[in-house]
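One structure is given below, encoded as structure tokens.
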Amino acid sequence: MSVLPLVFTSGWASGINAYAVILLLGVFGATGLSDEVPESLQSPGVLITAGVLFACEAVADKIPYVDSVWDAVHTVVRPVSGAVVGALLAGQSGSLSDVAAGAVGGSTALASHAVKAGTRMAVNTSPEPFSNLVLSTAEDLGVGGIVSFAMFHPEAAAIIAAVLLVAGLVLLLFLAHRIRRFLRRRAQRREERRMAAGRPPDRSGRPPG
């Protein structure tokens with residue numbers, strides 16, 4: 001069960017920034033700093049792809065409303081990534097079954113993704129754009145720091161990740177009303193765009209020809 005703390009931490013981090021996790025693990029494995037990383041994550045193709053996608057996320061994640069669209073697109077990507085990374089780590093160590101590791105990594109990633117996406121919805125209700133930049137930068141630094149810490153102190157990193165996950169879920173409950181406000185505004189804007197795209201009927205009640 002020695003790999004379980006690393007699986008849990010990588011799953012939590014994948015729910016926030018899956019590409020950063022893959023890139024960091026690959027770099028640690030390719031440079032020989034860790035023997036826990038499977039070779040499939042160390043290949044140049046994986047590292048280049050993860051690096052490009054990480055750069056895209058680093059930009060999109062700091063733009064108001066664009067970040068929520070990006071989160072929506074990654075609702076499936078992040079949990080799947082957490083599950084795959086967990087299974088690969090388990091297969092590399094042989095101390096935990098692939099199925100169990102995938103379940104832990106995927107479920108943890110789904111929970112942290114829900115916290116991230118919900119928090120961004122709440123932040124997007126504020127009129128200023130700087131909170132998105134600050135929050136995104138903090139997330140990037142947090143993921144990088146905790147994943148790097150987990151490579152050398154997996155148990156301590158897992159405890160930190162668990163505390164942050166629980167705190168995020170509690171915060172999400174307090175932000176629920178702001179999230180509902182964001183969803184209402186988004187639905188209203190979608191309806192306004194739909195109505196603006198249509199042509200109003202004339203006085204006779206028939207659409208103008």
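Sequential numbering from 1 along the given sequence is applied to the chain's residues. Computation of the quantities below employed the complete heavy-atom set of this structure, encompassing side-chain atoms and omitting hydrogens, waters and symmetry-equivalent molecules.
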Taking S10 for its side chain and V7 for its backbone only, find out whether a donor-acceptor pair lies under 3.5 Å.
yes

Nearest heavy-atom pair of P154 and P5: which atoms, and what distance?
O-CB, 3.4 Å

Considering all heavy atoms, the nearest V21-S14 contact
CG2-N, 3.6 Å

Derivation of the side-chain contact (heavy atoms from CB on, under 4.5 Å) call for L173 and L169:
CA-CA 7 Å; L173 294 177; L169 292 172; over 6 Å; no

CG of N124 to CD1 of I63, rounded to nearest 0.5 Å, is 11.5 Å

Pairwise side-chain contact, N132 with K62, heavy-atom cut-off 4.5 Å (strictly under)
no

With a 4.5 Å cut-off on side-chain heavy-atom distances among I, L, V, M, F, W and Y, is there a chain of contacts connecting L23 to V80?
no

Cluster overlap V134 with M121, hydrophobic side-chain contacts below 4.5 Å
no

Rounded to the nearest 0.5 Å, what separation is found between the CG atom of D140 and the CD atom of E57?
7.5 Å

Heavy-atom donor-acceptor pair, T108 side chain to V104 backbone, under 3.5 Å:
yes

With rounding to the nearest 0.5 angstrom, report the CD1 to CG distance, I146 to L24.
12.0 Å

Sorted by chain and number, sequence neighbours left out, salt bridge (Lys or Arg N to Asp or Glu O under 4.0 Å) with D67 holds for R120

Inter-residue atom distance F54.CZ - D61.CG, 0.5 Å rounding:
9.5 Å

Taking all non-hydrogen atoms of both residues into account, name the closest pair between S131 and V123 and its distance.
OG-CG1, 3.1 Å

Tightest non-hydrogen contact, residues A101 and A90, listed as CB-CB, 3.4 Å

Check: S81 side chain, V77 main-chain N or O, donor-acceptor pair, under 3.5 Å:
no

Is any side-chain heavy atom of V115 less than 4.5 Å from a side-chain heavy atom of L171?
no

Let me confirm one number: the OG-CG distance from S136 to L141, rounded to the nearest 0.5 Å.
9.5 Å

Ring-plane angle category for H153 and F149, please: parallel below 30°, perpendicular beyond 60°, tilted otherwise.
tilted

Is there a side-chain contact between T119 and E139, using heavy atoms and a 4.5 Å cut-off?
no

Spacing of CG belonging to L88 relative to CG belonging to L25, to within rounding of 0.5 Å:
10.0 Å

Quick check: is V84 connected to L110 through a chain of hydrophobic side chains (ILVMFWY, heavy atoms under 4.5 Å apart)?
no

Quick one: does any side-chain atom of T75 pair with a main-chain N or O of A72 as donor and acceptor, under 3.5 Å?
yes

side-chain contact (heavy atoms from CB on, under 4.5 Å) for I22 and L53? Distances and angles first, verdict last.
CA-CA 11 Å; I22 295 173; L53 291 173; over 6 Å; no

Could you tell me which non-hydrogen atom of A18 sits nearest to which non-hydrogen atom of R78, and how far apart they are?
CB-CG, 4.3 Å

Of all heavy-atom pairs linking W12 and I16, the shortest is CZ2-CD1, 3.5 Å

Are L165 and V170 connected in the hydrophobic side-chain network, where two residues link if heavy atoms are under 4.5 Å apart?
no

Hey, any chance V147 and L89 share a hydrophobic cluster, counting ILVMFWY side chains that come within less than 4.5 Å of each other, even indirectly?
yes

Name every donor-acceptor pair, under 3.5 Å, that has one atom in a side chain of residues 30-41 and the other anywhere in the protein, sequence neighbours excluded.
{"unit_1": "T31", "atom_1": "OG1", "unit_2": "V27", "atom_2": "O", "d": "2.7"}
{"unit_1": "T31", "atom_1": "OG1", "unit_2": "F28", "atom_2": "O", "d": "3.3"}
{"unit_1": "S34", "atom_1": "OG", "unit_2": "E36", "atom_2": "N", "d": "3.1"}

Go through the structure and list residues passing side-chain contact (heavy atoms from CB on, under 4.5 Å) with S43, not counting sequence neighbours.
V46

